[in-house]
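Okay, structure first, notes after.
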Amino acid sequence: MNVLASIPPPLGSVLILVLGTLVILLLTGRLSNSPTILATIGVLSLLGAALPAMGGDALTRVSVLGVVAAGLVGMLLVPSAELHNSTQRPEVAALILLGSTGAIVLATAGELLSAALGLETLSLSAAVLVALGRGARPLEAAFRYFVLAAISFAALVYGLGLLLLATGSFAWPRPGVVDPTYSYIWTIGVLLIGLGFAYKLAVFPLLWGPLDAYTAGAPGLAGFVMAASKIAAVVALARLAAGAAVPMAPILIGIGLVSIIWGTFGALAQREVRRMLAYSTVANAGLMALALGCGPEGRAAAIFFVVIYVLTILLAFAAMAGRGTGPLPFGEVRGEGLSATRALGLTLALLSLAGIPPTPGFWAKLAILDASWSALGFWPTLVAVIGGVAGVLYYLRPLPDLLALTRAHVSSAPAPAVWFAGAAVVVLGLAPGFAYAVARLAIGG
Amino acid sequence: MNNAFLPIALACAVALVSAVGVILARRPVHAVVALLAHSLCVAALFLIMAADLVALGQVLIYSGAIVVLFLFVVALLPHGGIESVVPTGRVVSAVVAGAALLAALAAGLAVGAPTAPENPAGGVEAIGRSLFGPLIVPFELTAALLLVAIIGAVAIWRRQEPEPGAKASSRAASEGSLAHTADAPGATGRQRLLDEGGPAR
Amino acid sequence: MNAESLILATSASLMALGSAGVLMRRNPISMLMSIELMLNAGNLVLVLAARIRGLVDGQSAALIVLVLAAAEAVIGLGLALALFRDRETVDVDAAAEVRG
Amino acid sequence: MVSALLSWAWLFTLPGLLLTGLGVGRPGAASLIGPVMIAVVAVAWLVGPRAPVEVVRAGWLPFLPDGSFHLRADALAAVMLAVVGIVSTCIYVYSLAYMAEETPASRRRYFMFLDVFVGSMAILVLAGNLAVLLVGWSGVGLASFLLISFWHDRPGTLAAGVQALAANAVGDAALLLALVLVPANCGDLLTLQTPGCLALPGGATLLASLLLIGAMAKSAQGPLYFWIPSAMAGPTPVSALIHAATMVAAGVYLLVRTNAVMATAPRVAAATAIIGVLTAVGGGLASTRQANLKRGLAYSTVSQLGYMFAAVGFGAPFAALFHLITHAAFKALLFLSAGVVIHARHGREDLASLGGLRRVLPGAYAAFLIGALALIGVPGLSGGFSKDLILEAAEERGVFGPLAFFGLFAGVFLTGWYIGRLFFSVFHGPRPDSEPIHAPSPLMQWSLVPLAAGALLLGYLEWPRGILSGVLGDTVAHAEVVHFPSLLGFFAGALGMAGFAIAFRRDRAAVAQPAAAVEEGGWVGAVASLTTGVSARLISAHSGRLGRYALVSVLGIALILLLGLLSSLFGISAPLPASPGVRS
């Protein structure tokens, strides 16, 4: 028992998730025909993984809970996931558990080598999860996602080497531990590591892979990939920016602003829900990157934002799950026959993403704008404000059709996932102060 | 390390030249051979830097497993995977991007590295102590990563399998794969890859 | 220039060569090999740092990165092969469906 | 009791919304609960004790300078809520008949959207600080978009809705900025002008400008007028409620509420007056060229809102609010009688296809005439009182000497002309065809009566007893004295009637070509096409080519490394020295 008690909380979660994976793998043959039992095992593993983390600090709790929420929604959608080969549900469930493991490790790692391993675990699971979607499009997208992830990961490994050269350890960078003769090597190393993390956030120069993955993967699985990646990346970047504000903060602000502009214009051109969500995620990632560069207040705002954003995006993808991997044009949201629950879920998600009060998306945006104003002043805040309010122009477009839903469609509706994510969004909308207090605590201030 | 400057320079030069070979070869087979040469040169550099175990790993894992894996896959490619002629624009953009990255790295690394101490730390025991000491967490985490790799490889391969159902044979025929659907438990991705891909050639 | 700086320069050049290779080739296998070059560059720096700092952590990390490269190669090659079978061409850019 | 109830008015539409959503009763009937309750409670408050109530729950949004949940139920809010409640009650009743031909599901959806609108409008009116104001502000924008695009199958409705969203987004952006950049504890709408709260770069001018931009977007002033004509794509009762009587007046309400800020920024006040005058004249001119009945009325709304803005700019917020109230009555009346006409003619709105309806629709004829005369400002009718007050303010506190006054005075002539043109081409002249008309139901006609009464009599709220200004007290700074009968009022009324008479002479000759559902000209079109161009260029980079993506990624990485090096070279502080090789 002593040995178990001495395991740090995040590793306890990791252990439980890997055990869950092994159980699923051992029972693969039986489980492939009973998706409900499979999802139950997965959900239990994820809930179990959340328990040990409750003993950790606030940041651990927030990040593990966020990842677990992503995993839960993904797992609840496994029975209805649109797979190329429908006997592959056990593999999918196992990969969701392992991807959650990677995300937890990335967010809570004690040193950078573990973080890199977590990142790679998450990347590889994500690429395979995307690839397993039905049709040729997911495979194509997964390959691109994989190659571009590998480039940024190679950059991260190189940065790890430079950081070791500069500081002699894999510890998270902290101001004041580097020899001035190495300061440039240290700078390059930190930047490369930051870029490796930034790929998961899908910001400007590293946006293509995630864009394709979010557009073409099976909705439930793409939602998981997106949510787990975002929360882990934001937490990791927050730690990096806390310890290495000098090269990271201005870079984060810069790529944040470019991403806001890029994502907004890109999303404005879309006439299809999936790709609109994919592009808009770039704009939102830009907001988060901007906030991450704005000191402790900004980092708290970014964590607050990412928790809300992740739950909202999970709701959106859960609502679209089960209707294929192809595009979903605005005009067809009705014709495709989303059930009433799902239409309501998608509506709520779109309202929150667009930042219509009193949905939580509005509070999250306000927090970031406030942090940006206190740290950066008028002009960057103006860009963020415009990027933020322009969201209504693309997020709300499908709404008149969506709300005009007249007939319910009978399908294997992923109602539990929609209810779960929807309830989370509603609660966050009604109690924004609580979530922000947690984020503030997590960032340590 | 400066007493070994010449071997180091030689190994670096060959590693670079073979790397150029990897990216320029139109025939993947040639690229694989160049990658092998490159990998061996890197192993030599590791050896000179007194990283014996890493050098061994480089030879065993890289040259022995990864490069051979690449070779197998190349053997499965239609027409040996020969590319059509690369358009000039692509070459130019590659040169520009590579040069830009090199310039950026060089700007930061221009201060150069300090000379290493005479007595290198190392040895298998020290590495063992490090892997089971301060680096125990990342070391154990490789287990999860390898699990992903195994499951992923199997899953990607099983993706192509026809589902047990009516259309199984027609789909298999159209996709040019074998019709057997049995999922041998414990089969690694590589084995299954060879099982199904081989006869399709 | 000392030998250490030479190795550092080599690693930077390998990084650049690898990235150039990824964006020049259209054959997924060659792309993956270029990525291997980039990972090797990272390993060189790790081992060099271990040598200069007199630490073995860099060597241990390099071993872990080797494992990691192997895992990446397996998944990458799996995806590449699946893509071949789908498309029956070695050009990754042919018939791109997901775009714009 | 009543005071406490008034502060909860924003929840009154919730029961109706739920009942309608759950499908209880005749679609929409349950929704009537909300507006009726708002009207009753607001009127009860006004005739009762009139004790203002403030609800403050601190720490609602801890990340904001002033993130408390703050509602203020005072006389100004009560007057606005009474207007909103009474007008929306009439319009709900009218809608029950007007929308009777839709499917039940569609009707439910319509009334739920209306409930969302009325609830949001109540929050907007009751807001005590900027944060709560923004909640209502965005909510009414959303409801407006949903209702404009209500007939989502008809071409152009979505584009029209998106135009409204775009204009709203400009206003939301301005208010968001104002919200984040006021210093701590400064969100309260009544204390924004205190020196501590103006201690931000740009000071009073910046804050007042942001409020002005927000108000302009909501009230379709100046260059942001473009979305109102397109908004007429929605059902006519919606045009009456949202795009004539209540929501578009929210900008004026905001400026009245915060007129103390305007008073500390004289240049912004002058800009407000100029924008108001130009919009009043421009809107009037544009209305005379419309070929569509509803669009003609829409430009009339833009023009009248211009009068209100001008009044705020002249430092006469009471005049603006008074005109807002009378305008709500007569413009809703005009729109609803236009709705009777459109309904009777099976949805035709083009002036060319209307005409000669005087005899077959006597009720609508009378109602439209009352509305038109009130709009023109005939002395003794409601519009006459309120418009005189604005003209007097312009005369006393003119901007650019007498120019602004002359502009507004000339606008009265335009008003007579355009409304006369609409009136005569709809009701007089020959019938264009002999198609039988769709007789209006009694419900539709009866719901016009209270509005007609308002259009006739609302002016006597202020004259001779000053009831309105007495009720409002100091919530609108100071009230001007209404002079009646006055020479100025007589001349203005005569000028307006002259315009009306001229329109009778040349009524049917000048009907222009039918306009497109959505206009995309001028700067809006330019911005739209620029955005489309940039978006298309940017999307074409998403080419599906892995090599290109890798190129951008690698170049981006290289650039970021260089910039990072530069920033740490010239940066804030280099990393501090420490002993190397220490494992931490």
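So you know, we letter chains A, B, ... as the sequences are listed, proteins then strands, and number each from 1.
In this structure, chain A has no heavy atom under 4.5 Å from any part of D/Ile123. Interface remark: D/Leu561 contributes backbone and side-chain atoms alike to the contact with chain A (heavy atom separation under 4.5 Å). Heavy atoms of A/Phe434 lying under 4.5 Å from chain D are absent altogether. Contact annotation for D/Ile560: both backbone and side-chain heavy atoms come within less than 4.5 Å of a heavy atom of chain A. Both the backbone and the side chain of A/Tyr184 have a heavy atom closer than 4.5 Å to some heavy atom of chain D. The part of A/Trp373 that comes within reach of chain D is its side chain, from C-beta onward, which places non-hydrogen atoms under 4.5 angstrom from that chain.
The most heavy-atom pairs under 4.5 Å with chain D, out of A/Phe265, A/Phe170, A/Tyr199, A/Phe362, come from A/Phe265. For chain A, the option among D/Ala541, D/Ala174, D/Gly139 with the highest count of heavy-atom pairs below 4.5 Å is D/Ala541. Of all the listed residues (A/Ile188, A/Thr181, A/Ile151), the one sharing the greatest number of non-hydrogen pairs under 4.5 Å with chain D is A/Ile188. Residue with the most contacts toward chain D among A/Leu399, A/Leu396, A/Ile255: A/Leu396 (heavy-atom pairs, distance under 4.5 Å). Ranked by non-hydrogen atom pairs under 4.5 Å with chain A, the options D/Val135, D/Leu147, D/Leu555, D/Leu538 are led by D/Leu538. When each of A/Leu268, A/Leu192, A/Val258, A/Leu207 is scored by its heavy-atom pairs under 4.5 Å with chain D, the top score falls to A/Leu192. Considering only heavy-atom pairs separated by less than 4.5 Å from chain A, the leading option among D/Leu206, D/Leu565, D/Leu181, D/Leu176 is D/Leu181. The candidate from D/Leu563, D/Asn168, D/Thr531 with the greatest count of non-hydrogen atom pairs under 4.5 Å with chain A is D/Thr531. Taking chain D as the reference chain and counting heavy-atom pairs below 4.5 Å, the highest number among A/Ile386, A/Ile356, A/Val147 is found for A/Val147.
Around atom CZ of D/Arg107, more than 12 heavy atoms belonging to other residues, nucleotides or ligands sit under 6.0 Å away.
Geometric assessment of D/Arg109 against the ring of D/Phe150 yields a positive cation-pi assignment under the 6.0 Å and 45° thresholds.
Without hydrogens or angle criteria, D/Ser68 side chain to D/Arg57 main chain gives no donor-acceptor distance under 3.5 Å. Remark: side-chain polar atoms of A/Gln270 are paired, donor with acceptor, to backbone N or O of A/Gly266 under 3.5 angstrom. Under the 3.5 Å distance criterion, the side-chain polar atoms of D/Ser149 are left unmatched by any main-chain donor or acceptor of D/Leu146. Checked by atom type and distance alone, the side chain of A/Arg144 never pairs as donor or acceptor with a backbone atom of A/Glu140 at under 3.5 Å.
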Under the side-chain contact (heavy atoms from CB on, under 4.5 Å) criterion, do D/Leu546 and A/Leu148 qualify, and how do the steps go?
-> CA-CA 8 Å; D/Leu546 189 44; A/Leu148 296 167; 4.0 Å; yes
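Salt bridge present: A/Arg440 and A/Glu297 bring a charged side-chain N and a carboxylate O closer than 4.0 Å.
Relative orientation of the D/His542 and A/Trp208 rings is tilted, given thresholds of 30° and 60° on the angle between their planes.
Listed by chain and residue number, A/Thr264, A/Tyr394 satisfy the side-chain contact (heavy atoms from CB on, under 4.5 Å) test with A/Ala283 (two or more places apart in sequence, or in another chain). Judged as a ring-ring contact (aromatic ring centres under 6.0 Å, His included), and not counting sequence neighbours, the contacts of A/Phe204 are A/Trp262. Taking the side-chain contact (heavy atoms from CB on, under 4.5 Å) definition, one finds that D/Ala167 meets it with D/Phe226, D/Trp227, sequence neighbours left out.
Using a 4.5 Å heavy-atom cut-off against chain D, the contacting residues of residues 364-372 of chain A are A/Leu366, A/Ala367, A/Leu369, A/Asp370.
Aromatic pair D/Phe69/D/Trp10: ring centres closer than 6.0 Å.
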